[in-house]
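See structure below.
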Amino acid sequence: MATVPKCREAILSIKPYVPGKPIEEVQRELGVKDVIKLASNENPLGPSPDAVQALQEASDRIFLYPDGNCYYLKEALAAKLGVKQENLIIGNGTDEILKMLAETYINPGDEIVVADPTFSEYEFAAQVMGGRAIKVPTRNFRHDLAAMAAAITPRTRLVFVCNPNNPTGTIVGQAALDGFLKQVPPSVLVVLDEAYSDYVTAEHYPNSLAYVRAGRANVIILRTFSKIYGLAGLRVGYGVAVPEIIRDLNRVREPFNVNLLAQVAAVAALKDEAHVGKSREVNSEGKDYLYSQFESLGLKYVPTEANFIFVDIQRDSREVFRQLLQKGVIVRTGDIFGYDTFLRVTIGTRRQNETFIRALREILA
């Protein structure tokens, strides 16, 4: 074996992220032509037609570098959210902003506090910088905020609250979050990851932007265009915080980090409220359908405020996953979250949901 340069010790404990299986891979490996993907929580309706048109119109400009400041996207977001442009940072998906947060705040030996289970990229970002994650088990699939507050130490730099939580779909309410923030020291930054907030229907969901508008200095809100806006393939997300936090994050941000097409598509998608409304409607109808089908199958599930459902199929999720693949249905196994008999299933269109349920019934029978 050839001798190669030695990598940093901090990265040796990192397990690379394994994304949901692509449709093309299933078609290529299994020879299945009609494949539906219910694994990565994408919008089954796709992007806004306005976003597609904006992409087409901008395509002849891709020889130019993009606006590194994302001026027009920030302008549109600031108007919609009721904040100022200096409150915003745009990233190549919110994943990039997670890495920016780690690069800005984590020194070797520092800690982050996260729920367990939750989105794995929080831990990944900390580990890249030599930090470690303190994992606090959820209670009834919900964030145990009291235990998370108790887990904060002098080494804690970031606390992540995924709201709604991935993979459970549960939320932290306004009163609970208000109480939690009172317990967090000002030196600890609370990251509110609201990737799925556009799907929430619960009235007690927090108005997190009010914290930023009020000048709270230890909160940042993350949102994305990858979910309800249907732009996952373009990679664009954003953070909202006080200007001081944004300025520090910009010190580690790569120049031209958000491509030109992503910026113009995001601006167009943001304006198409009808598409967002239709997406919510399809999600709500699909949720009710899947709930009823799971109940008829005698399967327990976690009630969700997102566009996916965490369901206990009472079988080895990896084996059921493989059998579903043979039938052209891609889902997410629960073992990666520590729940071997669970599946995380994206809510699709009526046809997709019916195809999934038909395949699941055949397998469980």
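Excluded from the calculations below are hydrogen atoms, water molecules and symmetry mates; all remaining heavy atoms, backbone and side chain alike, are included.
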Could you check whether [Y] and [X], counting side-chain N and O atoms only, form a donor-acceptor pair closer than 3.5 Å?
X      : Y      : answer
Ser317 : Asp340 : no
Glu194 : Ser208 : yes
Asn259 : Arg235 : no
Asn207 : Gln174 : no
Lys74  : Asn69  : yes
Thr153 : Glu111 : yes
Tyr301 : Asp312 : no

I need the minimum non-hydrogen distance between [X] and [Y], along with the two atoms involved.
X      : Y      : value
Leu55  : Leu261 : CD2-O, 3.4 Å
Leu189 : Leu101 : CD2-CD2, 3.7 Å
Pro303 : Thr170 : O-CG2, 4.2 Å
Ala78  : Gln85  : CB-N, 4.0 Å
Leu343 : Thr333 : CD2-CA, 4.2 Å
Gly348 : Val282 : O-CG1, 3.9 Å

In sequence, state the C-alpha distance, the side-chain angles, and the governing distance for Phe356 and Leu290, and then conclude on side chain to side chain contact (heavy atoms under 4.5 Å, CB included). CA-CA 10 Å; Phe356 161 66; Leu290 290 175; 4.1 Å; yes

Close side-chain approach of [X] to [Y], heavy-atom, < 4.5 Å:
X      : Y      : answer
Ile90  : Tyr71  : no
Pro164 : Tyr205 : yes
Pro185 : Ile152 : yes
Leu364 : Arg315 : yes
Val267 : Val264 : no
Lys287 : Thr304 : yes
Phe63  : Leu260 : no
Pro66  : Gln263 : yes

Do [X] and [Y] sit in one hydrophobic cluster, given that two such residues count as connected whenever their side-chain heavy atoms are within less than 4.5 Å of each other, even indirectly?
X      : Y      : value
Tyr238 : Tyr229 : yes
Phe308 : Tyr291 : no
Phe337 : Leu38  : no
Val188 : Met100 : no
Ile363 : Val35  : yes

Donor-acceptor under 3.5 Å ([X] side chain, [Y] main chain):
X      : Y      : answer
Thr94  : Ile97  : no
Asp288 : Glu285 : no
Asn87  : Val83  : no
Asn92  : Val258 : no
Gln127 : Tyr122 : no
Ser279 : His275 : yes
Asn166 : Thr118 : no
Ser284 : Arg280 : no
Ser48  : Asp50  : yes
Arg216 : Leu181 : yes

From CA spacing to verdict: side chain to side chain contact (heavy atoms under 4.5 Å, CB included), Asp67, Phe256: CA-CA 7 Å; Asp67 173 10; Phe256 313 120; over 6 Å; no

Salt-bridged, [X] to [Y], with N to O below 4.0 Å?
X      : Y      : result
Glu319 : Arg322 : yes
Glu42  : Lys227 : no
Arg139 : Asp144 : yes

How many angstroms lie between [atom1] in [X] and [atom2] in [Y], if you round to the nearest 0.5 Å?
X      : Y      : atom1 : atom2 : result
Ile336 : Lys15  : CD1   : NZ    : 11.5 Å
Leu77  : Leu73  : CG    : CG    : 4.5 Å
Ile313 : Leu324 : CD1   : CG    : 7.5 Å
Lys80  : Leu209 : NZ    : CG    : 11.0 Å
Arg223 : Leu192 : CZ    : CG    : 9.5 Å
Arg253 : Asp248 : CZ    : CG    : 13.5 Å

Under the criterion side chain to side chain contact (heavy atoms under 4.5 Å, CB included), I'd like the reasoning laid out for Val240 against Ile220: C-alpha separation, chi angles, the key distance, then a yes or no. CA-CA 6 Å; Val240 191; Ile220 183 168; 5.9 Å; no

Can you confirm if the aromatic rings of Phe160 and Phe119 lie within a centre distance of less than 6.0 Å?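 No, ring centres 6.0 Å or more apart.
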
Is the distance between the ring centroids of Phe141 and Phe342 under 6.0 Å? yes

Would you find more than 12 non-hydrogen atoms of other residues, nucleotides or ligands less than 6.0 Å from Ile62 atom CD1? no

Does Asn140 have more than 12 heavy atoms from other residues, nucleotides or ligands lying within 6.0 Å of its CG?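 Counting other residues, nucleotides and ligands, CG of Asn140 stays at 12 neighbours or fewer.
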
CA sep, side-chain torsions, deciding dist, call: Arg132, Arg155, side chain to side chain contact (heavy atoms under 4.5 Å, CB included): CA-CA 10 Å; Arg132 70 188 190 103; Arg155 300 231 66 161; over 6 Å; no

Option passing salt bridge (Lys or Arg N to Asp or Glu O under 4.0 Å) with Glu354 (candidates Arg358, Arg350, Arg351):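 Answer to the salt bridge (Lys or Arg N to Asp or Glu O under 4.0 Å) test with Glu354 among Arg358, Arg350, Arg351: Arg350.
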
Would Lys135 and Glu123 count as a salt bridge (Lys or Arg N to Asp or Glu O under 4.0 Å) if you check the C-alpha gap in whole Å, the side-chain angles of each, and the deciding distance to 0.1 Å? CA-CA 9 Å; Lys135 299 181 181 180; Glu123 181 178 12; 3.0 Å; yes

When Ile171 is tested against each of Asn163, Asn165, Leu177 for side chain to side chain contact (heavy atoms under 4.5 Å, CB included), which residue passes?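 That would be Asn163.
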
